[in-house]
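Beneath this line is the structure, given in structure tokens, with notes to follow.
Hydrogens, waters and symmetry mates play no part in the numbers below; they use all other heavy atoms, side chains included. Protein chains get the first letters and strands the later ones, always in sequence-line order, with residue 1 at the start of each.
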There are 2 protein chains.
Amino acid sequence: MGKTTRTAKRRQESLSRERIIEASIEILDSDGEEGLTFRALSDRLATGPGAIYWHIDSKSELLTAACDAIVAHAVDAPVLGMPPEDAICALSLSLFDAIDAHPWVGAALTHAPGQMPVVRILERIGQQVRALHVRDGDEWQAVCALLNYIVGVSRQNAANAQFTRTRGLYRSTLLESLAITWSKLDRKDYPFTCDVADQLPDHDDRADFLAGIKFFLSGLRSST
Amino acid sequence: MGKTTRTAKRRQESLSRERIIEASIEILDSDGEEGLTFRALSDRLATGPGAIYWHIDSKSELLTAACDAIVAHAVDAPVLGMPPEDAICALSLSLFDAIDAHPWVGAALTHAPGQMPVVRILERIGQQVRALHVRDGDEWQAVCALLNYIVGVSRQNAANAQFTRTRGLYRSTLLESLAITWSKLDRKDYPFTCDVADQLPDHDDRADFLAGIKFFLSGLRSST
DNA sequence: ACCTGAACACCGTTCAAGT
DNA sequence: ACCTGAACACCGTTCAAGT
């Protein structure tokens, strides 16, 4: 099976930036970041690689634009009327889930510092932290830390999921074999790792992520 | 100038895994991740690309091994006799600085979940969190969150630094132009971002990173 | 056992030439 | 203005052939 040729697709009403981004997201979702090549993309759009460069500057710009489309949607989670702490949890989980569903978004966010997709997150988190009324000097650092935690951890989670998927492994079997490796480490040098090895296979990344947010918020509370 | 040919280097006492990793770190530090190609590496080692494959399985294994060498050193920061909270800060900063100095380490850590370099960090942080005596059910999640925060934020910081460096920009000019872009956003949609735009050029990533750790530890304290 | 280096199957990007 | 598709300068990896 493998690659299905889809040259027979209806002739698009000419190319456009939107159509290109839409097709890119489809490819990224089904084949991952490495699947998005200008050749695969131009095949799907029934055109040549050069045509895409008329609408888009580079692959990196394309990734940022595709990433922004996903983030814009994730950040639209309904938080109206929630207490700020709940809103922060809801937004965080919405982003976590979006990055889990579209693993390539994590990497794209890292490569677009200060760009639109990151600003969207900053703004939404910032508004909620502001409503928390932390000490004035702490606000910026609190928002930075939260933003970084959310993106950093979601990205790592997605990378892990990707890691097993591309190798055709199940998450559970990977974690189990990892737990065995950990438990066989020298107890002299790795007492903690040996101890927690058996907790590895059962842990829930999403719950761990949320727990981190809560530790954070609890720390923020002591800054009035 | 550009590439200096260094074929005249003394004939190594044959190739070895160690020698290859050592040369890889040199290339990664000077030319970044994209600079490490099997051709560049075999040039430096005065051999052919195929020779490297005798000692190393793939580029990904090579990156993990190089990463491990750096992490092993960073995690060796002296923390003996410190109170656990101080030790956690010291370890965190040591890792932050190491990843800042070797930006490619951040990416490599993400691609090696559960492997040696990550375990080294887990172990050291884990021992200190254990000494904090948090509630039993919270320990694992606390360590996970800290680990993820440290790696995630350090990685993002290094990526940002890299971003400016590869474009031949200064960090300050980039932040200033970013601040201008932010301040020009529509105040209706981006009130928070507009407000904090002027804080952007002066902020200190390392201090922000440490502030996040402290919020975290303070949150942990409420879990006895 | 270890090394060589040509060859394979790819990339992102450019650009003369077409409509 | 927009598209075509060959060509350029690269990759990681393999493998027959050498020592």
Side-chain angles (χ1 to χ4, degrees), chain A residues 2-3 5-7 9-25 27-28 30-67 104 107-108 111-112 162-163 166-167, chain B residues 2-3 5-7 9-24 27-28 30-67 104 107-108 111-112 163 166-167:
Chain A
K3 349 202 81 174
T5 356
R6 49 152 70 244
T7 352
K9 189 125 190 228
R10 99 182 104 91
R11 215 158 257 50
Q12 321 296 147
E13 68 271 6
S14 94
L15 225 43
S16 72
R17 200 183 147 81
E18 288 68 39
R19 182 71 196 100
I20 293 173
I21 291 171
E22 187 188 317
S24 299
I25 292 177
I27 294 178
L28 285 162
S30 63
D31 302 330
E33 195 170 346
E34 70 193 8
L36 181 67
T37 67
F38 278 78
R39 282 159 186 85
L41 189 54
S42 54
D43 271 4
R44 183 178 284 246
L45 293 166
T47 180
I52 292 160
Y53 276 91
W54 185 261
H55 301 273
I56 256 101
D57 281 345
S58 67
K59 184 170 184 182
S60 138
E61 193 217 333
L62 182 57
L63 274 166
T64 304
C67 170
W104 50 272
H111 296 125
Q162 193 82 323
F163 186 86
T166 46
R167 277 162 187 73
Chain B
K3 350 202 82 174
T5 356
R6 50 153 70 241
T7 353
K9 191 123 189 236
R10 97 182 105 90
R11 216 159 256 50
Q12 322 297 147
E13 68 271 7
S14 93
L15 226 45
S16 72
R17 202 182 145 80
E18 289 68 40
R19 181 72 195 101
I20 293 173
I21 291 170
E22 187 189 316
S24 300
I27 294 178
L28 285 162
S30 64
D31 302 329
E33 195 170 345
E34 71 195 6
L36 181 66
T37 66
F38 278 78
R39 281 160 186 83
L41 189 53
S42 54
D43 272 4
R44 181 177 286 244
L45 292 167
T47 180
I52 292 160
Y53 276 90
W54 184 261
H55 300 273
I56 256 100
D57 280 346
S58 67
K59 184 170 184 181
S60 139
E61 193 218 332
L62 182 57
L63 275 166
T64 303
C67 169
W104 50 274
H111 296 124
F163 187 85
T166 47
R167 278 163 186 72

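- Residue A:Phe38 places its side chain closer to C:dT13 than to any other of D:dT13, C:dT13, C:dC3.
- A 4.5 Å side-chain heavy-atom check between B:Ile20 and B:Ile52 finds at least one atom pair inside the cut-off.
- Using a 4.5 Å cut-off on side-chain heavy atoms (C-beta onward), B:Asp31 and B:Leu36 make no contact.
- One distance of note links OG of A:Ser16 with CH2 of A:Trp54; it measures 15.0 Å at 0.5 Å rounding.
- Of all the residues in residues 50-63 of chain B, B:Gly50, B:Ala51, B:Trp54, B:His55 reach under 4.0 Å from DNA chain C with at least one non-hydrogen atom.
- Of the candidates D:dG12, C:dC11, D:dA6, the closest approach to any side-chain atom of A:Thr37 belongs to C:dC11.
- For the pair A:Trp104 and A:Ile25, the minimum side-chain heavy-atom distance is below 4.5 Å.
- Atom C1' of nucleotide C:dC11 and atom CG of A:Asp31 are separated by 16 Å, given to the nearest angstrom.
- At whole-Å resolution of the value, CG in A:Leu15 and P in D:dC3 are 5 Å apart.
- One interatomic measurement links the two molecules: CD of B:Glu34 to C1' of D:dG12, which rounds to 16 Å at whole-angstrom precision.
- Between B:Leu62 and B:Leu41, some side-chain heavy-atom pair lies under the 4.5 Å cut-off.
- Under the 4.0 Å criterion applied to side-chain N and carboxylate O atoms, A:Glu33 and A:Lys59 are not assigned as salt-bridge partners.
- In this structure, B:Leu41 reaches neither bases nor backbone, as no heavy-atom distance under 4.0 Å exists between it and the strands shown.
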Here DNA chain D, pairs taken as Watson-Crick or G-U under 3.5 Å and shown with ( ), [ ] when crossing and | when to another strand, reads ||.|||||...|||||.||
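- Here the side chains of A:Asp43 and A:Arg39 are not in contact, with every heavy-atom distance at 4.5 Å or above.
- Checking D:dG12, C:dG5, D:dG5 against the side-chain heavy atoms of B:Pro49 singles out C:dG5 as nearest.
- Inter-residue side-chain proximity for A:Phe163 and B:His111 is flagged as unmet; no heavy-atom pair is nearer than 4.5 Å.
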